[in-house]
Amino acid sequence: MPEGPSIVILKEKVQQFTGKKVIAAGCNNGALDAGLLINKTITGFKSWGKHFLICFPKFTIRIHLMMFGTYRINTHTEKPPRLHLQFADGELNFYACQLQLITEPLNKVYDWKADIMSDKWDTKHAIKKMKAEPALLACDALMNQQIFSGVGNIIKNEVLFRTCIHPESLVAAIPPKKMKELIAKAINYSFEFLEQKKKGTLKKHWQAYHKKECPRNHVPFMVEDTGRSRRASFYCELCQIKY
DNA sequence: GCTAATGTTATCGC
DNA sequence: GGCGATAACATTAG
């Protein structure tokens, strides 16, 4: 159940399998042939936004956990996994996920500058992409995986509240300084999300997402499906300015 | 039992 | 064809 930071956590948790050889594999999905993985050694794990990448010498497996995907490390659930990797001293299982085989070099497939969790994140690049879409709304910009890869509905809501921006603001109308603040907060909150999620205190720190009232004004939050994707936005009419 | 939820993509209709 | 709206998929906690 992941936004970008949760995938970074997954990546950290599976480090023990870097350099390990797959001795058996199962794939409950036509997108991938499990036989391809046998006796192959994992060279590393990467992530791009919500994509989790298992790297082998000549190809990469892309896993997207979508809304409901889960995983188990060195254990499994009663249900058959969509992808099972068996190692000499452990196992890795993924459920309800989307699998894809990538044979092209990753640098060709992914623009690392768009990944909010990457040290290659490029603010100017993001601004440029947003300028290319004059009618873009703030809520849609944040949810756009080509611009803010890794941002999901929680990060969207928390960042818009923290920067006092109405979800349906026209991005083109947001002053440049405010725009930079929005982007900086998106990155900043994503790393807070990472730390809080690790400590199990993520929900406790929500200021807007699924909250009843605005902590600043104590008026009820508006709850509306916003933007092209019609995802729920929780916002305060008083303190979040509509540009 | 029903609903909603950290997501994405395909298809429908105007 | 382009656009937005809708459906589809999948899981589980509340």
Side-chain angles (χ1 to χ4, degrees), chain A residues 1-13 27-32 47-53 61-72 75-84 93-102 109-111 114-117 132-137 139-162 167-168 170 185-187 189-212 221-235:
Chain A
M1 312 157 261
E3 295 196 12
S6 302
I7 302 301
V8 172
I9 291 173
L10 165 59
K11 193 168 61 174
E12 290 174 5
K13 283 186 177 170
C27 179
N28 205 345
N29 181 298
L32 196 65
S47 64
W48 180 81
K50 298 166 190 170
H51 296 199
F52 177 62
L53 304 166
I61 301 176
R62 187 193 96 173
I63 297 180
H64 199 306
L65 265 16
M66 306 300 283
M67 195 89 106
F68 311 122
T70 51
Y71 58 88
R72 292 289 186 279
T75 177
H76 50 84
T77 68
E78 63 288 347
K79 288 185 183 174
R82 189 146 301 168
L83 177 67
H84 165 77
N93 296 294
F94 294 91
Y95 307 85
C97 57
Q98 189 189 85
L99 299 173
Q100 198 176 308
L101 181 71
I102 300 177
V109 180
Y110 291 115
D111 176 9
D115 177 7
I116 52 158
M117 303 307 289
E133 274 187 77
L136 188 64
L137 301 181
C139 56
D140 284 331
L142 283 166
M143 294 293 273
N144 185 324
Q145 299 301 299
Q146 298 307 315
I147 306 175
F148 293 97
S149 175
V151 169
N153 212 25
I154 297 173
I155 296 175
K156 177 194 85 179
N157 276 290
E158 290 299 316
V159 168
L160 288 171
F161 176 74
R162 283 157 204 236
E168 288 172 311
L170 204 55
K185 262 278 179 300
I187 306 297
Y189 176 70
S190 296
F191 283 93
E192 273 181 39
F193 184 124
L194 176 66
E195 292 309 316
Q196 290 164 8
K197 176 101 185 171
K198 279 184 191 170
K199 289 184 197 142
T201 60
L202 182 66
K203 279 187 192 178
K204 206 176 82 186
H205 289 92
W206 285 343
Q207 293 175 25
Y209 184 73
H210 274 281
K211 294 306 234 183
K212 289 272 176 287
F221 268 124
M222 301 294 292
V223 187
E224 260 173 44
D225 289 343
T226 56
R228 210 173 305 184
S229 55
R230 304 269 94 197
R231 297 296 300 278
S233 283
F234 300 79
Y235 66 94

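All values below were derived from every heavy atom in this structure, side-chain atoms included, with hydrogens, water molecules and symmetry-related copies excluded. A, B, ... follow the sequence lines: proteins, then strands. Residue 1 opens every chain.
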Can you sort out the partners of [X] under side chain to side chain donor-acceptor pair (under 3.5 Å), two or more places apart, ordered by chain and number?
| X | answer |
| --- | --- |
| Y71(A) | none |
| R231(A) | none |
| Y189(A) | none |

For dT8(B) versus dA13(C), give the span between their C1' atoms, rounded off to a whole number of Å.
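Between the two C1' atoms, the distance is 22 Å.
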dA10(C) to dT11(B) separation - P atoms, rounded to the nearest Å:
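Taking atom P in both dA10(C) and dT11(B), they lie 16 Å apart.
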Y235(A)/E168(A) under side-chain hydrogen bond (donor to acceptor under 3.5 Å, both in side chains): CA gap, chis, key distance, verdict
CA-CA 10 Å; Y235(A) 66 94; E168(A) 288 172 311; 4.7 Å; no
Could you work out which one of dG7(B), dA10(C), dT8(B) sits closest to the side chain of Q145(A)?
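In terms of side-chain proximity for Q145(A), the closest of dG7(B), dA10(C), dT8(B) is dT8(B).
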Extract from the structure each pairing of a protein N or O with an N or O of nucleotides 12-14 of chain C at less than 3.5 Å, listing the distance.
| from | atom 1 | to | atom 2 | distance (Å) |
| --- | --- | --- | --- | --- |
| dT12(C) | OP2 | K79(A) | NZ | 3.3 |

Between H64(A) and dT8(B), is there a side-chain N or O to OP1/OP2 distance below 4.0 Å?
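Indeed, a polar side-chain atom of H64(A) lies that close.
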Over 12 non-hydrogen atoms of neighbours within 6.0 angstrom of NZ in K198(A):
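Above 12, so yes.
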Each nucleotide of nucleotides 3-8 of chain C classed B (base within 4.0 Å of a protein heavy atom), S (only sugar-phosphate) or -, in 5' to 3' order, makes -S----
Reading 5' to 3' through nucleotides 9-14 of chain B, protein heavy-atom contacts under 4.0 Å coded B for base, S for sugar-phosphate only, - for none
------
Report the residues that fulfil salt bridge (charged side-chain N to carboxylate O under 4.0 Å, His left out) with [X], sequence neighbours left out, ordered by chain and then residue number.
| X | result |
| --- | --- |
| E133(A) | R228(A) |
| R82(A) | none |
| E192(A) | R162(A) |

Can you measure [X] atom [atom1] to [N] atom [atom2] for me and round it to whole angstrom units?
| X | N | atom1 | atom2 | result |
| --- | --- | --- | --- | --- |
| F234(A) | dA4(B) | CZ | P | 12 Å |
| I7(A) | dG7(B) | CD1 | P | 10 Å |
| M67(A) | dA10(C) | CE | P | 14 Å |
| F68(A) | dT3(B) | CZ | C1' | 11 Å |
| L65(A) | dG7(B) | CG | P | 11 Å |

Are the side chains of S47(A) and K11(A) in contact, using a 4.5 Å heavy-atom criterion?
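They are in side-chain contact.
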State, with a plain yes or no, whether a side-chain heavy atom of M143(A) is found less than 4.5 Å away from one of F148(A).
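The answer is no, as the side chains (C-beta and beyond) never meet within the 4.5 Å cut-off.
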For DNA chain B, report each stem as range with range, ordered by first number, or say none. Use Watson-Crick or G-U wobble pairs under 3.5 Å, at least 3 in a row.
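Expected stems, ordered by start: B:2-5 with C:11-14, B:7-14 with C:2-9.
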Kindly assign one of parallel, tilted or perpendicular to the pair H64(A) and H51(A), based on the angle between their ring planes and the thresholds 30° and 60°.
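If you compare the ring of H64(A) with that of H51(A), the planes turn out perpendicular.
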Mutual orientation of the aromatic rings belonging to F221(A) and F161(A) [parallel < 30°, tilted 30-60°, perpendicular > 60°]
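Perpendicular, since the angle between the ring planes exceeds 60°.
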Going by the rule side chain to side chain contact (heavy atoms under 4.5 Å, CB included), which residues pair with N28(A) if we only count those two or more places apart in sequence or in a different chain?
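Residues passing side chain to side chain contact (heavy atoms under 4.5 Å, CB included) with N28(A): P80(A).
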Holding to side chain to side chain contact (heavy atoms under 4.5 Å, CB included), I want the full list of residues that pass it with V109(A), two or more places apart in sequence or in another chain.
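Applying side chain to side chain contact (heavy atoms under 4.5 Å, CB included) to V109(A) gives I102(A), E104(A).
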